[in-house]
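Report on the following structure.
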Amino acid sequence: MSLITRRSLIAGGSAAAATLVSGCEPVAVSDVGWLRPILDFGQIMSMRAQRLLLAGQPLVREFTEADMSPEFPPNGTERPNGMAYFRHMRSNFADFRLTVDGMVRKPLSLTLDEVKAMPSRTQITMHNCDEGWSAIGQWTGVPLGHLLGTAELMPQARYIVFHCMDEMVRTADNSGFYYESIDLFDALHPQTIVAYGMNGKALPVAHGAPLRLRVERHVGYKHAKYVNRIEAVDRLTHIARGKGGFWEDRGFQWYGGL
Ligand SMILES: Nc1nc2c(c(=O)[nH]1)N[C@H]1C(S)=C(S)[C@@H](COP(=O)(O)O)O[C@H]1N2
Ligand SMILES: [Mo]
């Protein structure tokens, strides 16, 4: 398997994309595909109903500090372009706001301190990038379920979309920003957190400062970095090219479960 990065895939255009996607189908990702029709609760159930059912969801393995990788490589964007992000970096994210909106009764606009004041969870987990590497790191953040509960997710909501501050490709309609989405099944999983801490320190810029998603049962590209907006929706078709994520819009699978 030749290791072509997804970034070169953007440059290479659609012919290259077709080759890459078929020649480098992510390992293990489709192994549990058969589970999906059963587990696609997002299609039919409200958050309250899902909470009840999902209370007993299996957790991914958590490691000890001794297992943590000495080097955790950054991947994809390592520092978003543009003045807006540059200013955030310079002011240490003092003016940053996390928006939680869409199909919620109480939209939120939170400072980083407000996010940090929420209940937190710390977990040491293995990150698996489909480009062929993995690393173990420690993450601290607010459970996504808590954010959605605070915002009072509406029963019509089916997916949670993460909008990011890094623009991957310049387009006239601003559809070239990184974004990702997950269903409520994963959104309410206890290990799904919006992280502001990594390995005991503030989340570094290279790893998605100030906030990034950890959705532990999924491959690397689902873990959106530089998140500044979390949107609850009932469908994904109206966002960017409609496939639920920047890479999904370019041929990668939406379901990134390991
Ligand atoms: N906003 C944004 N999120 C992103 C990416 C990106 O380029 N931009 N890359 C993804 C990929 S492919 C991986 S493997 C992980 C890498 O996370 P890390 O930089 O902390 O290693 O972030 C994911 N989230
Ligand atoms: Mo990745």
Side-chain angles (χ1 to χ4, degrees), residues 1 3-11 17 20-21 24-29 68-82 84-85 88-89 93 96 98-99 123-141 144 160-170 174-182 186 192-231 239-240 244-258:
M1 173 178 108
L3 258 193
I4 308 167
T5 64
R6 275 184 297 271
R7 196 167 276 281
S8 69
L9 193 148
I10 303 182
L20 179 66
V21 172
C24 184
E25 196 62 33
V27 233
V29 170
M68 280 161 59
S69 305
E71 297 272 319
F72 196 117
N75 199 37
T77 304
E78 295 183 28
R79 190 181 136 172
N81 293 320
Y85 191 83
H88 278 317
M89 258 171 41
F93 303 98
F96 172 86
L98 171 68
T99 301
Q123 59 203 28
I124 300 176
T125 52
M126 185 183 287
H127 178 91
N128 297 285
C129 174
D130 68 296
E131 287 180 272
W133 59 275
S134 54
I136 295 174
Q138 184 198 58
W139 306 98
T140 299
L144 179 60
I160 306 300
V161 180
F162 303 86
H163 298 277
C164 305
M165 295 184 276
D166 52 328
E167 190 171 27
M168 306 287 283
V169 287
R170 190 98 199 84
N174 280 339
S175 64
F177 282 81
Y178 200 95
Y179 77 104
E180 259 302 339
S181 61
I182 58 179
D186 283 308
T192 299
I193 63 175
V194 177
Y196 45 77
M198 178 185 188
N199 297 347
K201 301 197 182 91
L203 183 67
V205 165
H207 294 283
L211 294 174
R212 65 100 47 86
L213 176 66
R214 293 299 310 171
V215 51
E216 299 295 354
R217 296 177 301 182
H218 288 260
V219 277
Y221 59 82
K222 300 298 289 185
H223 299 238
K225 308 196 285 187
Y226 314 108
V227 173
N228 68 351
R229 179 178 174 213
I230 297 175
E231 183 191 11
I239 299 166
F246 179 83
W247 289 117
E248 289 85 334
D249 282 342
R250 286 155 184 84
F252 282 74
Q253 294 189 44
W254 179 77
Y255 183 68
L258 294 163

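These values consider heavy atoms only, across backbone and side chains, with no hydrogens, waters or symmetry-generated copies. Note that the structure is predicted; figures quoted are calculated from it, not measured. Whatever order the structure lists ligands and atoms in, that order sets their numbers, starting from 1.
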Does at least one non-hydrogen atom of [X] fall below 4.0 angstrom from an atom of ligand 1?
{"X": "Gly137", "result": "no"}
{"X": "Phe246", "result": "no"}
{"X": "His127", "result": "yes"}
{"X": "Tyr179", "result": "no"}

With atoms numbered from 1 as shown, which atoms in ligand 1 lie under 4.0 angstrom from a non-hydrogen atom of [X]?
{"X": "Cys164", "answer": "1 (N)"}
{"X": "Asp166", "answer": "1 (N), 2 (C), 6 (C), 7 (O), 8 (N)"}
{"X": "Tyr226", "answer": "1 (N)"}
{"X": "Cys129", "answer": "14 (S)"}
{"X": "Ala206", "answer": "19 (O)"}

So, regarding [X] and ligand 1 (criterion: nitrogen or oxygen to nitrogen or oxygen, under 3.5 Å), is there a contact or not?
{"X": "Trp133", "result": "no"}
{"X": "Tyr221", "result": "no"}
{"X": "His207", "result": "yes"}
{"X": "Asn75", "result": "yes"}
{"X": "Thr77", "result": "yes"}
{"X": "Pro73", "result": "yes"}

task = Tell me which part of Lys225 gets within contact of ligand 1: side chain, backbone, both or neither, using heavy atoms under 4.0 Å.
result =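 Near ligand 1, Lys225 shows its backbone as well as its side chain.
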query = Can you tell which part of Trp247 has a heavy atom less than 4.0 Å from ligand 1: side chain, backbone, both or neither?
reply =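 Near ligand 1, Trp247 shows nothing, with every heavy atom at 4.0 Å or more.
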task = Could you go through the ring-ring contact (aromatic ring centres under 6.0 Å, His included) check for Phe177 and His163 one step at a time?
result = CA-CA 8 Å; Phe177 282 81; His163 298 277; 9.5 Å; no
Looking at [Y], is its backbone amide N or carbonyl O close enough to the side chain of [X] to form a donor-acceptor pair, meaning the two atoms are under 3.5 Å apart?
{"X": "His223", "Y": "His218", "value": "yes"}
{"X": "Lys225", "Y": "Asn75", "value": "yes"}
{"X": "Thr125", "Y": "Glu216", "value": "no"}
{"X": "Thr192", "Y": "Val215", "value": "no"}
{"X": "Gln138", "Y": "Gly200", "value": "yes"}
{"X": "Tyr196", "Y": "Arg212", "value": "no"}
{"X": "Ser181", "Y": "Gly244", "value": "yes"}

task = Verify whether one side chain among Tyr85 and Asp166 offers a donor that lies under 3.5 Å from an acceptor in the other.
result = no
ask   = Quick one: which of Arg212, Met168, His163, Glu167 has a heavy atom closest to atom 17 (O) of ligand 1?
value = Arg212
ask   = Would you call Lys222 and Glu248 a salt bridge, using N to O less than 4.0 angstrom?
value = yes
inquiry  = Under 6.0 Å from the ring centre and within 45 degrees of the ring axis: does the NZ or CZ of Arg250 meet both conditions for the six-membered ring of Phe252?
reply    =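 That pair does not qualify as a cation-pi contact.
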